[in-house]
Amino acid sequence: MTTEIFFSTKPIGHVTDEQLQTMLNRHHLGNLVSAEKTSKGVGNQTLFIHSSKGSYVLKGNPIYEGQFAEEKFYTDSLQEYTSLPLSTPYLLDESGDIFGWSYAIMPRLHGVHMNDSPFRKGLGAADRIDIASSAANMLNEMHGWKVEQYGELDPKTQRIRPFEGSYKAWLYHRIRFWLQDAKQYSQITPTDTEWVEGVLRDSADAFDKLCSPTFVMGDFKADNMLVAYDTVCQEWRISGIFDFTTGYFGDGVADLPKMVIMYWNFEEQEVARHFIQMYLQGSAIREGFVDRFRVHMLHQRILDWGCAKAMGAVTWDPQLAFSEWAKDYVYAMDYLK
């Protein structure tokens, strides 16, 4: 289920102080002081909880069965294999007797979101480079979690369920599926389709040679990370990373596009270049990187295009064909060398 794409969520809705206190009592987390909605929580699934023992994040009403069990598995495993700043312990309660749905509660991490407007405006050029370095190093450490086969987690068995066919077949199928889906909301011309097929064909050999499945977060982006100033090293660093609902086991390069797109859209090409260079310095698999990056960027751009068109949230020239709109991102490495 991690690799499914969901366009609707199940918000927490109204919860009472009595329910929250019952939850805190169950986990020995003190007395309730206050609760508030999170500003960045997707789908209104999260609340900040403040108690006499600390601050926590409540995540409830899962989108699908096993959502929180998957996230707990990834969080616990990453705690074992890495030194990443994770929100642990990740406490899971699937009983449903308090709220009517299962939930997870975890410590609130410190720091600010990278894209909070006042914070971003106050950053200097060197600060942005420091944060990009920290993000790349964190990603490399995460991708150090290697497994034996490509696939996604089965939350019931806690085992990896292999993709049908090869990893390349699974990835290429997704790209073609979402390109076809985008035709419901926008014009995808035969020229667009031919261009997509050309990118896939040109990169096929790189994926055929790839044989090192690793953990992929699937949603590595600024909104899922916090940053804080390290007074010892005197630089900004990632102070927290969270939300592993879309994790799976594939090609780690799939985690790069969202950050590169963010830097590109902020016209911070130099920071994007540094982010990629730092990632490559620590990466164990560099062969075929450019070709694989193009395909993962193409995948992300198809998703972004279809979502924006479906929601009426287009921020670019609506007359642009998909291939014209996407090509600069897909061939970003040509500009960032």
Side-chain angles (χ1 to χ4, degrees), residues 1-5 69-86 88 90 132-155 157-175 200 203-221 224-225 238 241-261 275-300 303 333:
M1 294 297 291
T2 45
T3 55
E4 296 286 342
I5 296 176
E70 281 186 296
E71 188 164 32
K72 176 176 173 57
F73 174 86
Y74 292 132
T75 301
D76 291 348
S77 297
L78 287 168
Q79 184 182 29
E80 177 182 353
Y81 294 120
T82 74
S83 59
L84 298 179
L86 304 163
T88 57
Y90 187 105
S133 295
S134 181
N137 293 336
M138 177 172 291
L139 204 52
N140 268 315
E141 187 172 2
M142 191 185 302
H143 293 163
W145 177 13
K146 306 290 185 183
V147 295
E148 295 297 323
Q149 57 188 341
Y150 295 99
E152 57 188 335
L153 182 73
D154 183 333
T157 64
Q158 300 283 284
R159 296 174 181 267
I160 299 174
R161 181 170 53 234
F163 295 130
E164 292 186 13
S166 68
Y167 171 63
K168 184 189 79 173
W170 170 82
L171 177 61
Y172 279 30
H173 172 75
R174 277 172 66 87
I175 290 170
L200 298 181
S203 297
D205 187 58
F207 284 100
D208 287 335
K209 292 179 179 177
L210 188 65
C211 56
S212 183
T214 186
F215 175 71
V216 178
M217 182 176 178
D219 201 15
F220 190 78
K221 61 182 182 181
N224 288 337
M225 290 180 281
I238 307 299
I241 184 165
F242 49 89
D243 199 349
F244 300 99
T245 299
T246 52
Y248 63 99
F249 298 94
D251 177 17
V253 176
D255 274 332
L256 272 66
K258 288 186 178 181
M259 293 294 288
V260 173
I261 290 168
F275 171 68
I276 291 174
Q277 289 173 343
M278 290 298 295
Y279 177 78
L280 282 173
Q281 283 182 22
S283 176
I285 306 174
R286 302 182 189 181
E287 183 181 358
F289 171 82
V290 172
D291 289 331
R292 290 183 285 125
F293 177 86
R294 285 174 180 163
V295 170
H296 292 305
M297 180 63 82
L298 173 64
H299 183 202
Q300 187 59 50
L303 293 175
M333 289 305 300

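Since the structure is predicted, the reported quantities are computational estimates derived from the model, not experimental observations.
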> Are Arg294 and Met333 close enough, and set up right, to give a side-chain contact (heavy atoms from CB on, under 4.5 Å), and what steps lead you there?
Replying inline: CA-CA 8 Å; Arg294 285 174 180 163; Met333 289 305 300; 5.7 Å; no
> For Thr214 and Met142, what are the C-alpha separation, side-chain angles and deciding distance, and is it a side-chain contact (heavy atoms from CB on, under 4.5 Å)?
Replying inline: CA-CA 9 Å; Thr214 186; Met142 191 185 302; over 6 Å; no
> Going through the distances and angles, do Leu139 and Leu256 end up as a side-chain contact (heavy atoms from CB on, under 4.5 Å)?
Replying inline: CA-CA 9 Å; Leu139 204 52; Leu256 272 66; 3.5 Å; yes
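Atoms CG and CD, from Leu280 and Gln277 in turn, are 8.0 Å apart once rounded to the nearest 0.5 Å. To the nearest 0.5 Å, atoms CD (Gln158) and CG (Asp76) are separated by 9.0 Å. The OH atom of Tyr279 lies 13.0 Å from the CE atom of Met259; values are rounded to the nearest 0.5 Å. For the atom pair Leu298 CG and Phe293 CZ, the distance stands at 11.5 Å (nearest 0.5 Å). Summarising the geometry, atom CG belonging to Leu84 is positioned 11.0 Å from atom CE belonging to Met225; distances are rounded to the nearest 0.5 Å. With rounding to the nearest 0.5 angstrom, the OG atom of Ser203 is 12.0 Å from the CG atom of Leu210.
Contact record, Glu71 with Tyr90: OE1-OH, 3.0 Å, taken as the closest heavy-atom pair. Of all non-hydrogen atoms in Met138 and Ile241, the two that sit nearest each other are SD-CD1, 3.8 Å. Pairing each heavy atom of Gly218 with each of Lys258, the nearest pair is O-NZ, 3.9 Å. What you find for Tyr248 and Ala254 is that their closest heavy atoms are OH-CB, 3.6 Å. The minimum heavy-atom distance linking Arg161 with Leu153 is given by the pair NH2-O, 4.0 Å. What you find for Ile238 and Ser134 is that their closest heavy atoms are N-OG, 2.9 Å.
Gln149 places none of its side-chain heavy atoms less than 4.5 Å from the side chain of Phe249. Thr75 places none of its side-chain heavy atoms less than 4.5 Å from the side chain of Lys72. No side-chain heavy atom of Val147 sits under 4.5 Å from any side-chain heavy atom of Phe215. Residues Leu86 and Phe244 form a side-chain contact, since some pair of their non-hydrogen atoms from C-beta on lies under 4.5 Å apart. Residues Tyr167 and Pro213 fail the side-chain proximity criterion, which asks for heavy atoms closer than 4.5 Å.
With Tyr74 contributing its side chain and Gly247 its backbone, the two residues share a donor-acceptor pair below 3.5 Å. Although no hydrogens or angles enter the test, the distance criterion places no donor-acceptor pair under 3.5 Å between the side chain of Ser283 and the main chain of Arg286. When atom types are taken as modelled, the side chain of Asn137 and the backbone of Ser133 share a donor-acceptor pair closer than 3.5 angstrom. Proximity of a side-chain donor or acceptor of Asp154 to a complementary backbone N or O of Ile160 within less than 3.5 Å is not detected. With hydrogens and angles ignored, the 3.5 Å screen pairs no side-chain donor or acceptor of Asp243 with any backbone N or O of Asp219. Put simply, the side chain of Thr246 gets close to the backbone of Met217: a donor and an acceptor are under 3.5 Å apart. Side chain of Tyr172 to backbone of Leu200: a donor-acceptor contact under 3.5 angstrom is found. A donor-acceptor pair is defined here as one N or O able to donate and one able to accept, closer than 3.5 Å; no such pair exists between the side chain of Thr82 and the backbone of Glu141. Listed for the Tyr150 side chain is no donor-acceptor partner under 3.5 Å among the backbone atoms of Phe163. Between the Arg292 side chain and the Glu287 main chain, a donor and an acceptor come within less than 3.5 Å of each other.
Lys209 meets the salt bridge (Lys or Arg N to Asp or Glu O under 4.0 Å) test with Asp205; sequence neighbours excluded.
In this structure, His296 has its ring center no closer than 6.0 Å to that of Phe289.
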